[in-house]
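Below is one structure, written out as structure tokens; comments come after it.
Chain letters run A, B, ... following the sequence lines, proteins first, then strands; residues in each count from 1.
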Amino acid sequence: MQPQRVDILDAVADGASLARKRYPCRPEANHNSARKPGFYFTCWPFYNGAPTAAAVSVPEREAKWQQRWDAARLFEAEPDPGHEKYFVTFPYPYVNGYPHLGHGFTLLRAEMMARYQRMRGRNVLWPFAFHCTGTPIAAAAQRVAEREPGQLRALEQMGITGALAESLAEPQAWFEHFPERFQQDLQSLGLAVDWRRSFITTDQNPAYDAFIRWQFNRLREGDYLRKGSFPVVWCPERETVVGDHDRISGEGETPQEYCLLKFRGDASMLVAATLRPETVFGQTNLWVDGSGTYARARVDGEEWICSQQMPAKLRLQGHEVEELGTIAGRELIGQRFAAPGVDRELMVLPADFCDAAIGSGIVTSVPSDAPDDWQGLADLQDSAALCEQWGLNHKYIKEIEPLAIIDSGEFGTVPAPALCQQMGVRDQHDRTRLEKAKQQLYLHSFQHGTMLDSVGMGCAGLPVDAAREKVCAALIASGDAARYYELTGPARSRWLTDCTVKIVEDQWFLKYDDETWTARTREALGAMTLFPRKARAQFEHVLGWLRDWACAREQGLGTRLPWDEKWVIESLSDSTIYMAYYTVAHHVNSLPAAKLGEELFEALFGDGDPNAVPGINAKQVAEWRAEFEYWYPYDLRVSGKDLIQNHLSFSLFNHTAVFSREKWPRGFAVNGWVLVDGEKMSKSRGNFYTIRQLIDRYGADATRLTLCNSGEGLDDPNWEASFADTAGRKLERWLRFVAANAGSGRDELHPSDDWFAAMLSQAAHDARCACDRMRFRTAMRRLFFELPRHYRWYLRRCGTPRRDLLHDYLSTVTRGLAPIVPHLSEEAWGLLGGDGFASEASYPDGEPAPATLLRGEALVQRTHADIEAILKVARIESPQAITLLVAPDWKWQAVGLAAGLADERGRVDMQPLMKAAMAALPAAARKEAAAFLKRWVMQEIPALGPGWAARYAEQLDEEVVLEQASNFLAATFGCEVAVAPAGDATGGAAGKARQAAPLRPAIFVK
RNA sequence: GCGGACGUGGCGGAACUGGUAGACGCACCGGCUUUAGGUGCCGGCGCCGAGAGGCGUGGGGGUUCGAGUCCCUCCGUCCGCACCA
């Protein structure tokens, strides 16, 4: 679970060789050098000679709060009926390494949500567990046992040597070491997890094992499982399935289904694999490799002629095979065989593009639609000598003609010859052109082709893709063909052997393809909250696209299928509803095996009777059941976006199968993958960081702040080292600020108090809304970067802040940051005299600031900026006096008229406006009003934007506002600042006065 | 190839339902504090241009009074394409 494509898997599970393969140019770096405990903190306790508030080092402080939370059992969740719950989960990580930056980002999102919801008053359950199911740990342990150098080097890179490394030859040692270290590291990061509920998977944990068995019995009862066969990539050497990670080359190659056509002869039959069975109607001959040697084999009672590699492959694909000997390709040439699907006998001809070692070594020829076939035929028809060489009748060969079977639109009904000519194919050895022609034609006829009326088997008029399936199915049914698999390309296992395809029989599948089940799951999805909302499209697509999932393996660690013990349940299938297990994990984890029967889990999670559970009294079972009922379903599951197409969708499917509607999941949150300074993280790039390294270097809070800052949404988050470098300093500065200001301030009122109160309230409101949408980065920036700027302006305006506002400000930021940097917040909370833990305080909230409240301060800011601009343009260094001339009432009246006439885009027609103005305005102002309104409509409105009218709907007493700010402005510009009505202006100011507009006083500088 | 997401300054990234693009942070440049700094505070900072002004959200086209935002197309990046965690 929780794959990290760049994680330890690179080195541990896959071997260092694979990591090097991906990034061949980068040297390996040893990151233990970054780990110098304490070095970064040596400069921290003192700044400018002043002690920090805490007067302890950051690691000490963080450890202190972690211990206090622990001692207070703050995060140990207990049901509390009547108290609203919130249940957050993170897909348990696969524990073959230490937690790293890649885990950190996603993990922190769950963590921040858990802490946020707690502060919103919810009873939060935030548990954690460890995944051990599958092959990687087993394989890695095996490799340690075999002392494989790559594996040992990988361990060494993690700092694992000596006795510990030796011990990892046993999988059990992995289960013990890594979960423990995971927990330690995450505790050092300050995670608010209820660790009592932790567990590991597989039969190493009997309780979990029993739970998974119960789950699968339920699935089987509900008919969600089926049995079938399944093609897998196979290493014949090791006799094992080979996943992508187990390959040296050929990553991404998968089994591909072919239709294996049978051509009946007197004693034996030729077999030819094709991807285009619908073209059997156009067959004219067969191709073999004249210089090759073929195998004769008895396959399922029939005598087949095929390539020499094929009998072994057929055996792996479930056929009875007895090899009988060989036959030279040359001997086949000129013979005739009855073709499948058509009532014709075809002659075997030689072709150089046909290789006895590829596929069956025999190819059916459809010259109308296959460029290779056409060119092979053309080459023979053009050369009497060639025919003679193979003992063929040239005259007969020349009579072979392509048969039109498919209408390929603009390519015509006999496209291959035309295309070969058009592309200038010289002969059958002109591979580049032929490949190109083939690609082009196959794709085109697959998408646009229609079967002609001349074809049989009820395919006339069908689109090519439909005909393909129909023909293949019919031929198999009549015994004229068989299914056959080949890989899409060559793949080589880590054991240096070419892979092939094996059919696994009796494979168990989860029927994710089932329509009814999918519809139910769609319904579940429809009711879910998704973060971000954009992820829904992908989920919806995946539900339709998922096919039946082979849910059991013959190898690896895990839980055995209860009714078929040769099978081990695979890792994506034992991790779908286990979140329910968390609700009772601390109770059942330690139960003896005898008490872990079906009855227990049926009583806990299903319809079972608590009285029917052997060995546990009914009251106890009922209490546990009540805990499940209280906590379930989970409210949120947070993961990387790559799990949308498997784990998260599987989880949803299995919930709808096992649980009733009210227990279906409520929310998923998905995010991108962490980059490090814009680059993918990987060991081999030398930018791989474990959580431990980051904590040692930056401290938990600075690490968390940097992670929080690295991104939101589906885009890839980006860990910025430069941010991390300064994060600790920023946090310490805040703490010092709190220490220096807690409890201080004035008690008298100041005009700008209301403004700051409104800004504070607005910021709290914004942060709360952002957190509700899991936009913690936005919340953090709002409170930690933007709000302080407003505070600074406030300080400039009033000198000393009002006591209660200052306290609100400190408290708001402290609590608002608590989900992100909890240790620092606890410390600050203490300085502020807060009750209990900051972690349990209420998250700040507020109201959007009323526009009217902001207008006054906006006027001062605007005026301040205008004065600055004027001084700059006029090159005045030290003004003697500044006079602010406030617009007369009639201008407000005039603008109000314009606002009333504005349409929804804010535009105003001049004619009606003038008319209204002339009627309404005082007679004395009319002349100037015309000019003013003209300027207003032509110049101001376009600059103010569409919503301008609202800001002028109500008149502001500018004289009062500016008068109150005059001391501030005077102090700022070092001269006297007077405020006067524009109408009172005399002397030089009188000329300026005319420019005064509402919310834009005229400024006269002397 | 298919499905989904995305592409904005030197960099990370803002911009809610189309409405003055570049918030905020980093880097950088000034100024002031400072014995000196690694700290703090104030100011500047998309591009071209002396200026007025012009140009700017991957390229091209379209819808609209108005497009980073909607539509088409091309280029590029990320995730997934399965039995693997």
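Look at Asp866(A) and Arg1000(A) and you find a salt bridge, because one of the NZ, NE, NH1 or NH2 atoms lies within 4.0 Å of a carboxylate O, short of that distance.
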Using nucleotides 21-24 of chain B, report all nitrogen or oxygen pairs with the protein that are shorter than 3.5 Å.
| unit_1 | atom_1 | unit_2 | atom_2 | d |
| --- | --- | --- | --- | --- |
| C24(B) | OP1 | Arg789(A) | NE | 3.4 |
| C24(B) | O2 | Arg781(A) | NH1 | 2.5 |

Between the protein and nucleotides 1-3 of chain B, are there any N/O to N/O pairs under 3.5 Å, and if so, what are the atom names and distances?
| unit_1 | atom_1 | unit_2 | atom_2 | d |
| --- | --- | --- | --- | --- |
| G3(B) | O2' | His541(A) | ND1 | 2.7 |
| G3(B) | O2' | His541(A) | NE2 | 3.1 |
| G3(B) | N2 | Gln538(A) | NE2 | 3.3 |

Could you go through nucleotides 67-73 of chain B and list every protein N or O atom that sits under 3.5 Å from one of its N or O atoms, giving the distance for each pair?
none

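Side-chain atoms of Lys641(A) lie closest to C78(B) of the nucleotides C42(B), A82(B), C78(B). Each of G43(B), C41(B), A15(B) was ranked by its minimum atom distance to the side chain of Arg796(A); first place goes to G43(B). Considering only side-chain atoms of Val241(A), the nucleotide from C84(B), A82(B), G12(B) that sits closest is C84(B). Nearest nucleotide to the side chain of Leu572(A), out of C84(B), C42(B), C79(B): C84(B). Distances were taken from every side-chain heavy atom of Pro136(A) (C-beta onward) to each of C84(B), U39(B), C78(B); the shortest belongs to C84(B). For Lys534(A), the side-chain atoms get nearest to A5(B) when compared with the rest of A5(B), C78(B), C79(B). Listed candidates were C79(B), A82(B), G25(B). Nearest to the side chain of Lys730(A) is G25(B).
Between the side chain of Asn671(A) and the main chain of Glu712(A), no donor-acceptor pair closer than 3.5 Å is present. Proximity of a side-chain donor or acceptor of Asp716(A) to a complementary backbone N or O of Leu675(A) within less than 3.5 Å is not detected. At distances below 3.5 Å, at least one donor-acceptor pair connects side-chain atoms of Gln317(A) with backbone N or O atoms of Tyr485(A). In terms of modelled atom types and a separation under 3.5 Å, the side chain of Tyr578(A) and the main chain of Tyr92(A) share a donor-acceptor contact. Listed for the Thr201(A) side chain is a donor-acceptor partner under 3.5 Å among the backbone atoms of Cys132(A). Although no hydrogens or angles enter the test, the distance criterion places no donor-acceptor pair under 3.5 Å between the side chain of Thr106(A) and the main chain of His103(A).
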Worksheet, complete the sentence: Its dot-bracket string being built from Watson-Crick and G-U pairs below 3.5 Å, with | for another strand and [ ] for crossing, RNA chain B has the pattern (((((((..(((......[....))).(((((.......))))).(((....)))..(((((..]....))))))))))))....

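Applying the salt bridge (charged side-chain N to carboxylate O under 4.0 Å, His left out) rule to pairs touching residues 500-511 of chain A yields Asp223(A)-Lys511(A), sequence neighbours excluded. Screening residues 778-792 of chain A for salt bridge (charged side-chain N to carboxylate O under 4.0 Å, His left out) gives Asp766(A)-Arg782(A), Arg782(A)-Glu786(A) as the qualifying pairs, with residues at least two apart or on separate chains.
Comparing C47(B) with C29(B), their P atoms are spaced 15 Å from each other, to the whole Å.
Within 4.0 Å of Asn718(A), counting heavy atoms only, lie sugar-phosphate atoms of the nucleic acid but no base atom.
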